[in-house]
Amino acid sequence: MDFITQHAVLVVSLVKVAVLLFVVMTALAYITWFERKVVAHMQSRWGPYYVGAHGLLQPLADGLKFLFKEDLTPPGADKVAYILAPFLALSLAMTAIALIPFGPPSTQVLGQSVFIVSNSNIGLLFLFAITSIGVYGVALAGWSSNSKYPLMGGLRSSAQMVSYEVSLTLSVVGVLLLAGTLNFNEIISGPNGQTGYWLHFIPKWNVFPQIIGFLCYITAAIAETNRIPFDLPEAETELVAGFHTEYSAFKFAMFFMAEYANMVTVSCLATILFFGGWLSPFPDSWTWQQFLPGIGLILLGCYTAYDTVVNMRGIAKLQFAVVTMLLLGGGAICLIPMVQPIIMGPFWFVNKVIVFLFFYVWTRGTLPRFRYDQLMAFGWKLLLPVSLANLVVTAFVIAWPWLMGK
């Protein structure tokens, strides 16, 4: 106990890092299940169904398959760079998530914030630095494989990174001008943050004054994460599979884990910059919202209980019974008055991120892929000028009172 009290910062930080790694790695596995399920239902299919109840154990089966598959290395590959590329992509993607505040800094243990791993005054700048380096994992994978299709995918990724990184950065500068800070917590709840309401019920989120910046951001973010309709670096129609064609086994899986981690990061960033982070969309005077997490989990548990009794058979019934008990137990805990104010911040933050992840999946199941020339033209001829115009207009509006005072 003396060690814990004397080294509270170290102990709490290690615990937060371990918990974050476990939660994020589990979430990445189940985002694949979520994507396959959503796209399947959009196309009138079942999706993963047989491995566990409703396919809930499919991510575990996929992980074991990747772990035990034969790991092949092309004979002409640069082995050091070939092995380094997936580790670089995944490690940097996971590092970026450590900068995200999942709840208010007021919730503390041993004087340390529970929902924030790293609270940096230059958090946004640091996150952009990490994500910009992470894209090089894709380019390095394409070059080191010593194969034509991966090389083409790596070159496309480099060009795409240069094209859309500029627009991505410019699209959020308007928010920084409004907030006057690079710190995520102050962007959410600082003096110029997103607290308060217009007309007593419309939240003062940055998405309203910065709607053009948000549209530019979300478009550039989809392109930066190589997702449809901007997934030209891995377009299977003309590049077989692009930069990861020559990868197999777990190194192949690491690229997809990095892609989903980047999806989570940009969704969290959109939530923080434009949609109030952990702040509720409803006024604080509406006290009924404190019961939403608990009631939501209990209702979901009632549905899974019904599904367990009516539709499940064999081992799937036992699996879904466990899920039902976890949901009902979690809902009961969330209804405890002492727990309610603690859980509200992460509840709203996670739900906003899930909405963005659903949007990612929705675009994949809806939009066709661009041609490569269309991709480059859209980035330079449309997205960049619009994001730059949004920046200029925002700066002019903010500076106008000062100019008039002069």
Side-chain angles (χ1 to χ4, degrees), residues 23-63 65-66 93 97 214-215 217-237 241 244 252-253 255-271 274-275 292-293 296-297 299-304 306-308 310-312 316 319-320 323-324 326-327 330 346-370:
V23 172
V24 170
M25 295 299 285
T26 305
L28 295 183
Y30 277 93
I31 290 174
T32 64
W33 173 88
F34 174 76
E35 182 173 36
R36 293 172 67 182
K37 275 290 190 181
V38 171
V39 173
H41 284 291
M42 291 177 68
Q43 299 171 348
S44 298
R45 298 185 288 109
W46 281 106
Y49 195 80
Y50 291 103
V51 185
H54 290 289
L56 286 173
L57 296 181
Q58 187 65 51
L60 177 62
D62 291 339
K65 178 189 72 173
F66 283 123
I97 296 178
F214 168 70
L215 294 176
Y217 170 83
I218 198 66
T219 305
I222 294 174
E224 279 292 297
T225 50
N226 294 332
R227 295 283 299 181
I228 289 177
F230 302 101
D231 64 332
L232 273 300
E234 50 183 291
E236 63 274 3
T237 50
H244 53 69
F252 175 82
F255 279 113
F256 281 90
M257 293 167 66
E259 179 178 304
Y260 286 113
N262 288 326
M263 286 170 54
V264 172
T265 301
V266 298
S267 299
C268 292
L269 198 56
T271 299
F274 296 99
F275 286 87
L292 287 178
L297 288 176
L299 290 177
L300 186 58
C302 293
Y303 168 76
T304 57
Y306 169 80
D307 203 19
T308 301
V310 176
N311 298 322
M312 297 295 108
Q319 294 168 353
F320 229 45
V323 174
T324 300
L326 290 175
L327 290 172
F347 169 75
W348 287 118
F349 190 91
V350 170
N351 275 279
K352 293 172 185 177
V353 171
I354 290 174
V355 170
F356 280 108
L357 292 175
F358 176 79
F359 178 76
Y360 260 104
V361 178
W362 187 16
T363 56
R364 175 178 178 176
T366 305
L367 299 179
R369 182 181 293 121
F370 286 129

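Atoms considered below: every heavy atom in the structure, side chains included; atoms not considered: hydrogens, waters and symmetry mates.
In plain terms, the two heavy atoms of Phe252 and Phe256 that are nearest each other are CZ-CE1, 3.3 Å. Heavy atoms only, all atoms of each residue included: Thr225 and Glu259 are closest at O-CG, 3.7 Å. Between Ala93 and Asn262, the shortest heavy-atom distance links the atoms CB-OD1, 3.5 Å. The two atoms that bring Met312 and Ala53 nearest to each other are SD-CB, 3.6 Å, heavy atoms only. Scanning both residues, Gly52 and Gln319, for their nearest heavy atoms gives CA-OE1, 3.1 Å. Here the shortest heavy-atom pairing between Ser267 and Leu357 reads OG-CD2, 3.7 Å.
For the salt bridge (Lys or Arg N to Asp or Glu O under 4.0 Å) condition, the pairs that include at least one residue of residues 357-366, sequence neighbours left out, are Glu35-Arg364. Residue pairs meeting the salt bridge (Lys or Arg N to Asp or Glu O under 4.0 Å) criterion with at least one partner in residues 36-49, sequence neighbours excluded, are Arg36-Asp62.
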Quiz prompt | Audit row: Cys268, Phe349, side chain to side chain contact (heavy atoms under 4.5 Å, CB included) steps and yes/no | solution = CA-CA 8 Å; Cys268 292; Phe349 190 91; 3.8 Å; yes
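In this structure, Trp348 and Thr271 have side chains that are not in contact, with every pair of non-hydrogen atoms separated by 4.5 Å or more. When side chains are defined from C-beta on, Val264 does not count as touching Val24, because their heavy atoms never get closer than 4.5 Å. Val38 is not listed as a side-chain neighbour of Trp362, based on a closest heavy-atom distance of 4.5 Å or more. By the 4.5 Å heavy-atom criterion applied to side chains, Val355 and Phe275 are not counted as neighbours. Looking only at side-chain heavy atoms (C-beta outward), Phe347 and Leu297 stay at 4.5 Å or farther from each other. Between Phe320 and Leu56, the closest side-chain pair of non-hydrogen atoms falls below 4.5 Å.
Note that the CZ atom of Phe274 and the CD1 atom of Ile218 stand 9.0 Å from one another [nearest 0.5 Å]. Separation of atoms CG (Leu269) and OH (Tyr217) is listed at 3.5 Å; rounding is to 0.5 Å. One finds the CG atom of Asn311 at 6.5 Å from the OH atom of Tyr306 (value rounded to the nearest 0.5 Å). Note that CD of Glu224 is 12.5 Å distant from OG1 of Thr265, once rounded to the nearest 0.5 Å. Here the CZ atom belonging to Phe359 is positioned 9.0 Å from the OG1 atom belonging to Thr366, to the nearest 0.5 angstrom. With rounding to the nearest 0.5 Å, the separation of CD1 in Ile97 from CG in Leu28 is 6.0 Å.
Classification of the Tyr30-Trp33 ring pair by plane angle, with boundaries at 30° and 60°, yields perpendicular. The aromatic rings of Trp46 and Tyr49 are tilted relative to each other, their planes meeting at an angle between 30° and 60°.
Residues meeting the side chain to side chain donor-acceptor pair (under 3.5 Å) test with Thr308, sequence neighbours left out: none. Residues that satisfy the side chain to side chain donor-acceptor pair (under 3.5 Å) test with Thr32, not counting sequence neighbours, are absent from this structure. With sequence neighbours excluded, the residues forming a side-chain contact (heavy atoms from CB on, under 4.5 Å) with Leu60 are Leu64, listed by chain and number. With sequence neighbours left out, the salt bridge (Lys or Arg N to Asp or Glu O under 4.0 Å) criterion links Asp307 to no other residue.
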